[in-house]
Novice: 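What follows is a structure written as C-alpha cells; I'll ask about it next.
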Amino acid sequence: MSSCTAKTNVSLTSQDFIDIVLSKTQRKTPTVVHKQYKISRIRQFYMRKVKFSQQTFHDKLSTILTDFPKLDDIHPFYADLMNVLYDKDHYKLALGQINIALHLIDNVSKDYVRLLKYGDSLYRCKQLKKAALGRMATIMKRQAQSLQYLEQVRQHLSRLPSIDPNTRTLLICGFPNVGKSSFINKITRADVEVQPYAFTTKSLFVGHTDHRYLRWQVVDTPGILDHPLEDRNTIEMQAIAALAHLRAAILYVMDISEQCGHTIEQQVALFESIKPLFANKPLLVVLNKTDVIRLEELNPEQKALIQGFINDDIPVMEMSTFSEEGVMNVKTEACERLLSHRIEVKIKSKKVEGILNRLHVALPKPRDGCTRPAFVPEKVIEKRLEKGPKIKKKTERDLEVELEDDYSLDLKKNYDLPADFKYDVIPEFWEGKNIADYIDPDIMAKLEELEREEELRVESGVYEKEEEEMDDEEKEIHRLAGKIREKKAIIAIEGRIGRSGGAPVMPRAGRKRERSVSRLRSEFEELGVDMSNKSGAHFSRTKSRSASRPPIKKARADSAGRVSSSSRVTPRDQSGIRNVELKAKAKKMGHKAQGKMNQFGKAGEADRHIAVKMPRHLYSGKRGIGKTDRR
Amino acid sequence: MRIEKCYFCSSNVWPGHGMVFVRNDCKIFRFCRSKCKNAFKKKKNPRKTKWTKAFRKSAGKDLAIDPSFEFEKRRNVPVKYDRDLWQKSVEAMKKVEIIRCRRQALHINNRHSKSKEVQRRSDNYEVTKNMGLIRSPAAGLKQLATQLDGEKDMSLVSSKFKQMESRVVEEVHDSDREMDVE
C-alpha cells in the first residue's frame, strides 16, 4: 500500500494542537525580560516569540497537508475508492481549510511583527504578542472539525487492504452470498468472514496465492445487487470501483442452487448490466455450489442461459467451495487466462521492441540430417515395465490412523539386526570404564594371549612376595634408631629455645650453677649409668669445709703458665678436662670439627650477620626538626 | 554417553560433570572440576604437577607401559551390535581388569621395596654413630665390676666383659661388617 497512507503517526485535536505549540513556544524561547532592558531588546524578545509560534504552526500544518495523499496524484483505483469511502469533495474541502488556516496564521504573524517594531514599552509589546498568539489560536480552534475528519480519514486509510493495482490480480464478483469469500478462503490464506446473511463482506479483501512460481493477488468484493448505478450504496460502490479500475481477471461467481436467494435469471441479468465493466479483461464464469445441484440437473431454460455464456466465448466452469472439487481448476484456468492476456497486451505495447531485443531463444544448428533422440537402454525400459504400477507404501501416519489409541512409536522397528537383538538394552559403563571402548572383534584372541602371558609370569614367580620380615636384631636396631632420632630432635629444639627472644644474656661468670652435681647425676641416670654410691667420685664434693684446715692458696697458672690470682671461673678450655693430654686432644677435635663448615664456606657464629638490612626507624619518617638529607 | 578423561589429572569425568573448553584450533579440553580447569588456565604443566596421573606415569611411579592397557582404546570404527560379542567383551573386560590391577600393584610394591634397603642402612648408621645419645658406654659397668669382683680367672673376666659388650653393642659389629662390604 505504498501510494496511499497518511504518514502522520500522531493525531491531534485542535485543542491539543494549540497547547502543544504554545508550550513549545514557552520552552524554546527565552523567558526572562525586564522593563529596564533596552527597548530594542524587548521588541526582539517578543518578536521572536511570535515568529516562533508562527513557524511551529506552519510546520505542523504543512506536514499534515503533505502527508495526506492528493487524489489527483494517486492511482485512479485508489482515487475512486477514496471518493467512495470519504467523499472527494469533503476531503478536498478539509484539506483546503487547513491550507487557508496556514496562510492566515502566516499573515497574522507578519502583521503583528510589523506592529511590534513600533512598540514603545514592555507592556505594549507584551500585549501585541498576546494578541498575535491569541489570534493564531482562534484560527486553529475553527479548524477543529476538519482536523477531526482528517484524523478519521487517516485511521481508515491505514486499514485499507494493500492492493497493488499493477500486478496480476483475480477479481471475484457476483451477487451477495454466492460463495465469493469461501472461494478466496479456499485458495489463499485470507480468513474472510463467511456467514449466511447477505453483505457479510462489507469492503474489499485481498489474499495472495501462487501459480507457476508467481504471486497472484485475489481480491474479494462485497456482493453487488442489480439496480442502476445511482442507487448503489457505498459498499457496492467499492466493488464497482475495483471492477472499473483494476486490470484483473474477473471471476463472476454464480450460485446455481439459488441458495443465495436469487434465481439464475437474475444473476444472468446482473451480469449483462455490469458487462461494460468487463471490457478488455479476461472473464470467467464460475458456477458454485455444485455439491447441491449439478449443471446437468438444471432445467432446460436455465441451461440455455448458461449456454448463452458459452456461445459468447466466455468459459464456464463448475466448482464447489464446500466439497472443494473444481476449486483448483478454476484458479489455474483464471491464472492462465490472465497470464496470456497480459502477455498479449505487452506485445502490443511500444515497450515490446525493447524486451524482444533482449530476448533470444538459442537453438543449436543441426549439424547433419540424422536425428538424435534420447537414448534409454533396453534393459532399463524392460525394468521399468517390470516394476509395475507404483505401490503406495504404508506410512507410519497411516498406521497411526489405523491403530488410533493402540499406536506407539517404535523407533527400533526397522533396525537391521536379528529380531531378538533389536530390543536389547545395551550397558554403557562398568566400574568407571566405557564398555564400548573394549568392544573389538579380536578381543577373545587378545585376552587369551594376555592370560597366557600372565600364567607364565605367575609360574616364574614374579608375584612371589619376598616378604622379608625383620628378624629380632633388625627390629632392635630399628627401635634404637628411632629413639636416637627422637633424642636428636629434642636436642635441636632445646637448642633453638635458648636462641629466641633477644633477651639480654648474663655473662658466663654471672650465670649460676648450670653445671651441678645433681644435673650430672640425672643425665647419667638417663643414659643408663648407675650413679648410686659415688661418694669418692671426682665430681662429688668432699666435705672439706671445716674451719680447722685453712684453705691452701694455690698459685693457679693457666695453659701458658701465666699466674692469675683468684680467678674464680675456670677458663673454658680447662673446664671439665682431666689432664693436659686430653686438653690437647679436645683442642684438636675442636679444630677438626670446624673443617667441614669452613669447606662449605657457610657463615658461622663469628661471621657478621645483619638480621634487618633496613630497619624502619632509620629509613623512614620525618624529622621533627632539621633536614632529612642524610640518615 | 561416555565417561571422558580429564585433560589435566586424567580422572574420570562422568556425564553432567566438569567443564569443556574448546580452543580456536578446535582442540577440546575436558576437565573434571574447577581445580583442573583453573590450573590449566594458569598454564600449569600436568606432567610437572605432582598429584596428576600424567606426572605419576612419566615419573615412573605408576605402571605406564603394559599390554593390558591395549584393551581399553577408543575405536572410531563402529562395530555392528552382536549380543554374544558384547557379553564376551564384558566378561573379558573384568578379567583384564583383575590382571591389570595385579600388575600395577606389583610395580608399586617393587618401588616401595627399595626404600626398605635405604631405611635399614640409615638405621645402622644412626646406631653406630650416635648411640651415645641414648646410652653411655659406662652403662652396666658397675654391675659387671661387682660381678667380676674376686674373679681370679682373667679369661672369664674378659669373656664376661665381652659378653656385656656384645649384649649392648652387638649390632655395631654387624654394621661395621656391612660398611666393610661396601
Side-chain angles (χ1 to χ4, degrees), chain A residues 415-418 420-422 424 426-441 443-444 446-451 453-454 457-458 462-463 465-466 468 470 473-474 476-488 490-491 523-524 526-534, chain B residues 1-4 11-12 14-15 67-68 70-75 79-83 85-86 88-99 102-103 105-106 109 113 116 119-120 122-127 129-143 168 170-171 174-175:
Chain A
Y415 275 11
D416 182 22
L417 288 171
D420 43 333
F421 287 5
K422 267 193 224 177
D424 270 354
I426 301 174
E428 286 179 38
F429 303 140
W430 179 75
E431 289 268 311
K433 301 175 202 321
N434 296 306
I435 295 180
D437 288 345
Y438 284 84
I439 303 300
D440 186 15
I443 191 170
M444 298 314 292
K446 285 190 190 160
L447 177 68
E448 263 184 62
E449 216 183 287
L450 185 74
E451 290 194 320
E453 214 188 294
E454 189 68 11
R457 283 199 195 187
V458 171
V462 170
Y463 291 112
K465 230 179 149 185
E466 305 164 17
E468 258 192 35
M470 289 201 287
E473 253 187 65
E474 290 193 345
E476 184 64 21
I477 296 176
H478 187 65
R479 191 183 64 83
L480 287 171
K483 277 185 115 180
I484 292 169
R485 288 189 193 115
E486 225 184 284
K487 185 77 197 217
K488 268 191 176 176
I490 290 170
I491 291 170
E523 281 189 7
F524 267 98
E526 268 181 41
L527 289 176
V529 181
D530 185 8
M531 292 299 277
S532 57
N533 252 355
K534 294 275 181 185
Chain B
M1 298 270 102
R2 255 188 82 82
I3 298 174
E4 305 283 353
S11 67
N12 284 341
W14 283 77
S68 61
E70 305 290 310
F71 282 82
E72 182 174 10
K73 189 167 57 150
R74 179 154 190 186
R75 284 157 251 264
V79 175
K80 191 157 183 176
Y81 176 71
D82 179 27
R83 192 192 281 169
L85 178 64
W86 272 74
K88 284 204 204 107
S89 297
V90 173
E91 284 163 22
M93 197 163 102
K94 296 182 184 171
K95 289 185 196 155
V96 165
E97 187 57 24
I98 294 170
I99 292 171
R102 214 186 312 164
R103 290 190 186 179
L106 178 71
N109 275 336
S113 66
K116 292 200 185 102
Q119 180 85 351
R120 203 148 53 86
S122 88
D123 287 346
N124 285 335
Y125 175 79
E126 286 286 352
V127 169
K129 271 282 166 87
N130 297 322
M131 194 61 192
L133 289 177
I134 56 171
R135 201 144 179 86
S136 163
L141 262 180
K142 192 165 182 183
Q143 205 185 30
V168 182
E170 192 184 20
E171 46 273 22
D174 282 61
S175 57

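All values derive from a computational prediction rather than experimental measurement. First the proteins, then the strands, lettered A, B, ... as listed; each starts at 1.
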Novice: Calculate, to the nearest 0.5 Å, the distance between atoms CG and CG belonging to B/Leu133 and A/Leu480 respectively.
Specialist: 12.0 Å

Novice: Rounded to the nearest 0.5 Å, what separation is found between the OG atom of B/Ser136 and the CD atom of A/Glu523?
Specialist: 11.5 Å

Novice: Under a 4.0 Å N-O cut-off, is there an ion pair linking A/Glu474 with B/Arg120?
Specialist: yes

Novice: For the CG atom of A/Asp416 and the OH atom of B/Tyr81, what is their distance to the nearest 0.5 Å?
Specialist: 14.5 Å

Novice: Using a cut-off of 6.0 Å, state whether more than 12 heavy atoms not belonging to A/Glu451 lie near its atom CD.
Specialist: yes

Novice: Looking at CZ of A/Arg457 and CZ of B/Arg103, how far apart are the two atoms once the value is rounded to the nearest 0.5 Å?
Specialist: 3.5 Å

Novice: B/Lys80 versus chain A, heavy atoms under 4.5 Å apart: side chain, backbone, both or neither?
Specialist: side chain

Novice: Is any side-chain heavy atom of A/Glu431 less than 4.5 Å from a side-chain heavy atom of B/Glu97?
Specialist: no

Novice: Could you check whether any side-chain heavy atom of A/Glu526 comes within less than 4.5 Å of a side-chain heavy atom of B/Ile134, counting everything from C-beta outward?
Specialist: no

Novice: Going through the distances and angles, do B/Glu126 and A/Ile477 end up as a side-chain contact (heavy atoms from CB on, under 4.5 Å)?
Specialist: CA-CA 9 Å; B/Glu126 286 286 352; A/Ile477 296 176; over 6 Å; no

Novice: Taking all non-hydrogen atoms of both residues, which atom of B/Ala92 and which atom of A/Leu447 are closest, and how far apart?
Specialist: CB-CD2, 3.7 Å

Novice: Measure across A/Pro441 and B/Val79 and return the closest heavy-atom pair with its distance rounded to 0.1 Å.
Specialist: CD-CG2, 4.3 Å

Novice: Could you walk me through whether A/Arg485 and B/Asp123 pass the salt bridge (Lys or Arg N to Asp or Glu O under 4.0 Å) check?
Specialist: CA-CA 10 Å; A/Arg485 288 189 193 115; B/Asp123 287 346; 2.8 Å; yes

Novice: Would you say that B/Arg2 contacts A/Glu428 through its side chain, given a criterion of any heavy-atom pair below 4.5 Å between the two side chains?
Specialist: no

Novice: Return the CZ to CD1 distance between B/Phe71 and A/Ile439, rounded to the nearest 0.5 Å.
Specialist: 12.5 Å

Novice: Please find the pair of heavy atoms, one from B/Ile3 and one from A/Gly432, that lie closest to each other, and give the distance.
Specialist: CD1-C, 3.6 Å

Novice: For A/Asp437, is there an ion pair with B/Arg75 - N to carboxylate O distance below 4.0 angstrom?
Specialist: no

Novice: State, with a plain yes or no, whether a side-chain heavy atom of A/Ile435 is found less than 4.5 Å away from one of B/Met93.
Specialist: yes

Novice: Which bit of B/Asn12 comes within less than 4.5 Å of chain A, counting heavy atoms only: side chain, backbone, both or neither?
Specialist: side chain

Novice: Any side-chain heavy atom of B/Asp82 within less than 4.5 Å of one from A/Phe421?
Specialist: yes

Novice: Please rank A/Asp530, A/Ile443, A/Asp424, A/Val462 by heavy-atom pairs under 4.5 Å with chain B and give me the top one.
Specialist: A/Asp424

Novice: Specify the closest pair of heavy atoms between B/Ala139 and A/Val529, including all atoms of both residues, with the distance to one decimal.
Specialist: N-CG2, 3.8 Å

Novice: Counting heavy atoms not belonging to A/Lys446, are there more than 12 under 6.0 Å from its NZ?
Specialist: yes

Novice: So, for A/Phe429 and B/Met1, which heavy atoms are closest and what is the spacing to 0.1 Å?
Specialist: CE2-O, 3.8 Å

Novice: Could you walk me through whether B/Leu106 and A/Tyr463 pass side-chain contact (heavy atoms from CB on, under 4.5 Å), step by step?
Specialist: CA-CA 7 Å; B/Leu106 178 71; A/Tyr463 291 112; 3.9 Å; yes

Novice: What part of B/Ser113 gets within 4.5 angstrom of chain A, counting heavy atoms only: side chain, backbone, both, or neither?
Specialist: neither

Novice: Quick check for you: among A/Met444, A/Glu454, A/Lys487, which has the greatest number of heavy-atom pairs under 4.5 Å with chain B?
Specialist: A/Glu454

Novice: Ignoring hydrogens, what is the shortest heavy-atom contact between A/Gly528 and B/Arg135? Give both atom names and the distance.
Specialist: CA-NH1, 4.0 Å

Novice: Looking at B/Lys73, B/Arg74, B/Glu4, B/Glu70, which makes the most heavy-atom pairs under 4.5 Å with chain A?
Specialist: B/Lys73

Novice: Less than 4.5 Å to any heavy atom of chain B: does that hold for the side chain of A/Phe524, its backbone, both, or neither?
Specialist: side chain

Novice: Do A/Asp420 and B/Arg83 pass the side-chain contact (heavy atoms from CB on, under 4.5 Å) test, and can you show the C-alpha distance, the side-chain angles, and the key distance before you say yes or no?
Specialist: CA-CA 9 Å; A/Asp420 43 333; B/Arg83 192 192 281 169; 3.9 Å; yes

Novice: Within a radius of less than 6.0 Å around NZ of A/Lys422, do more than 12 heavy atoms belonging to other residues, nucleotides or ligands occur?
Specialist: yes

Novice: Rounded to the nearest 0.5 Å, what separation is found between the OG atom of B/Ser68 and the CD atom of A/Glu453?
Specialist: 9.0 Å

